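Below is one structure, written out as structure tokens, with a few remarks after it.
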Amino acid sequence: MNEAAQTLDGWYSLHLLYSVDWPSLRLLENDEMETLVTELQDFLKRQEEVHDKKEGSYAFYNITGQKADLILWMLRPTIDELNALELEFNKLQISDFLIPSYSYVSIIELSNYLAKESDEDPYQNEYVKKRLYPEVPKSRYICFYPMDKRRQGEDNWYMLDMEKRRELMRSHGMIGRGYAGKVKQFITGSVGLDEYEWGVTLFSDEMLQFKKLIYEMRFDEVSARYGDFGDFYVGVHLPADSLLSFFR
Ligand code: VOV
């Protein structure tokens, strides 16, 4: 059997995407709208508190285009917590006006392709811990998409030997490093958990940097030959204190 990469697995991840039922929302009286928004703001405040205590993290963005209006991304140590959070969100009044458009279950993942040999327990390494249990930034923009590594005829990622995959991932990493300070990337693995194999969640203060990075990667063999992509979602940060004007 071919050698599988070893993964370090961090927080569980749930991406929830919704479209807003604007015509129904417009029918709400002002006081009803205020109650609904306050309840959602309280939910987001609880997310912020968990984030501050470093017991999880989250992101809330307004999606551009018609595929969805909102993306809520939540990270927690267990899937049970995410399951409970989704239920809590479903019971908020705002959920009566939200139409689910996509969801994605995965886990923050690091592979050992570029890891250095060491006797140290990687889960105790401070750099690794920061990546497995990350603080999601509040950058102005988000870009999220699921993807697979191709398994088609001669182009089968899973049939490449470890050394070849290592070499290819090195080249992938070098391109990514060129965007240090411009784009922050989070890779979540979902083999056996969802339809795609990885989720790519990117943050930047400049939307154009997503296009530049992803375009450059398309010419790299890992993406050019072995990448298959799902739908792309991009959006703008939606701060909790702007929600009343957003929905009204
Ligand atoms: C800021 C950009 C950036 C940087 C620095 C970066 C670096 C790295 C490194 C060093 C590693 C390997 C070790 C690890 O950390 O796991 C990875 C791993 C991975 N990546 Fe990446 N990636 C980036 C960005 C980045 C993008 C934009 C994409 C989407 C590809 C595209 O064409 O749209 C991507 C995909 C992935 C995936 C799916 C994996 C897991 C592959 C697997 O088979 O296991 N990635 N990635």
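Side chains are part of it too, since the values below use all heavy atoms of this structure and drop only hydrogens, waters and symmetry mates. Both counts, for ligands and for their atoms, begin at 1 and track the order of listing. As the structure is a computational prediction, the values presented were derived from the model and not from experiment.
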Problem set entry | Under-2.8 Å protein N/O/S neighbours of atom 21 (Fe) of ligand 1, ordered by chain then residue number | His172 NE2

Exercise. Glu86 side chain to Asn83 main-chain N or O, any donor-acceptor pair under 3.5 Å?
Worked result: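 The answer is no, because no donor-acceptor pair under 3.5 Å joins these two groups.
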
Exercise. Parallel, tilted or perpendicular: which fits the ring planes of Tyr104 and Tyr102, with parallel below 30° and perpendicular above 60°?
Worked result: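 Answer is parallel, since the angle falls under 30°.
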
For this session: Take the angle between the ring planes of Trp73 and Phe203 and call it parallel below 30°, perpendicular above 60°, tilted in between.
Result: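 Rings of Trp73 and Phe203: parallel, under 30°.
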
Atoms of ligand 1 close to [X] [distance to a heavy atom under 4.0 angstrom, numbered from 1]:
X: Met147; answer: 29 (C), 30 (C), 38 (C)
X: Val183; answer: 1 (C)
X: Leu110; answer: 15 (O), 16 (O)
X: Arg177; answer: 5 (C)

Exercise. Do ligand 1 and Ser111 have nitrogen or oxygen atoms that lie under 3.5 Å from each other?
Worked result: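 By distance alone, the answer is yes.
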
To which protein heavy atom is [atom] closest, and what is the distance rounded to 0.1 Å?
atom: atom 24 (C) of ligand 1; result: Met217 CE, 3.4 Å
atom: atom 10 (C) of ligand 1; result: Leu114 CD1, 3.5 Å
atom: atom 32 (O) of ligand 1; result: Ser223 OG, 2.5 Å

For this session: Show the numbers, then the answer: is there a side chain to side chain contact (heavy atoms under 4.5 Å, CB included) between Tyr12 and Thr188?
Result: CA-CA 9 Å; Tyr12 281 82; Thr188 55; over 6 Å; no

Exercise. Do Glu48 and Lys138 pass the salt bridge (charged side-chain N to carboxylate O under 4.0 Å, His left out) test, and can you show the C-alpha distance, the side-chain angles, and the key distance before you say yes or no?
Worked result: CA-CA 11 Å; Glu48 192 63 38; Lys138 290 190 176 45; 3.2 Å; yes

Exercise. Atom 40 (C) of ligand 1: which of Trp198, Phe232, Tyr215 has the nearest heavy atom?
Worked result: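 It is Trp198 that holds the nearest heavy atom.
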
For this session: Measure from atom 29 (C) of ligand 1 to every heavy atom in Tyr145, Phe186, Phe210, Tyr113 and give the option owning the shortest one.
Result: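 That would be Tyr145.
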
For this session: Please name the residue in the list Arg76, His51, Glu135 that meets the side-chain hydrogen bond (donor to acceptor under 3.5 Å, both in side chains) test with Ser57.
Result: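 So, applying the side-chain hydrogen bond (donor to acceptor under 3.5 Å, both in side chains) to Ser57 and each of Arg76, His51, Glu135, only His51 qualifies.
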
Problem set entry | side chain to side chain contact (heavy atoms under 4.5 Å, CB included) evaluation trace for Asp194 with Tyr196 | CA-CA 6 Å; Asp194 217 319; Tyr196 282 91; over 6 Å; no

Problem set entry | ring pair (Phe, Tyr, Trp, His ring centres under 6.0 Å) assessment of Tyr141 paired with Phe210 | CA-CA 9 Å; Tyr141 303 110; Phe210 297 142; 7.2 Å; no

Exercise. For ligand 1, is any non-hydrogen atom under 4.0 Å from Lys149's backbone (N, CA, C, O), its side chain (CB onward), both, or neither?
Worked result: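 Looking at Lys149 and ligand 1, just side chain atoms fall under 4.0 Å.
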
Problem set entry | Mode of Arg165 contact toward ligand 1 - side chain, backbone, both, neither (heavy atoms, under 4.0 Å) | neither

For this session: Decide whether a cation-pi geometry holds between Arg151 and Tyr158; the criteria are a distance under 6.0 Å from NZ or CZ to the six-membered ring centre and an angle within 45° of the ring axis.
Result: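 Yes, Arg151 sits over the ring of Tyr158.
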
For this session: Kindly indicate whether a cation-pi arrangement holds for Arg165 with Tyr226, taking the cut-offs as under 6.0 Å to the six-membered ring centre and within 45° of the axis.
Result: no

Exercise. Do the side chains of Phe97 and Trp22 join up, straight or via other hydrophobic residues, at under 4.5 Å, putting them in one cluster?
Worked result: yes

Exercise. More than 12 non-hydrogen atoms from neighbouring residues, nucleotides or ligands closer than 6.0 Å to NZ on Lys91, yes or no?
Worked result: no

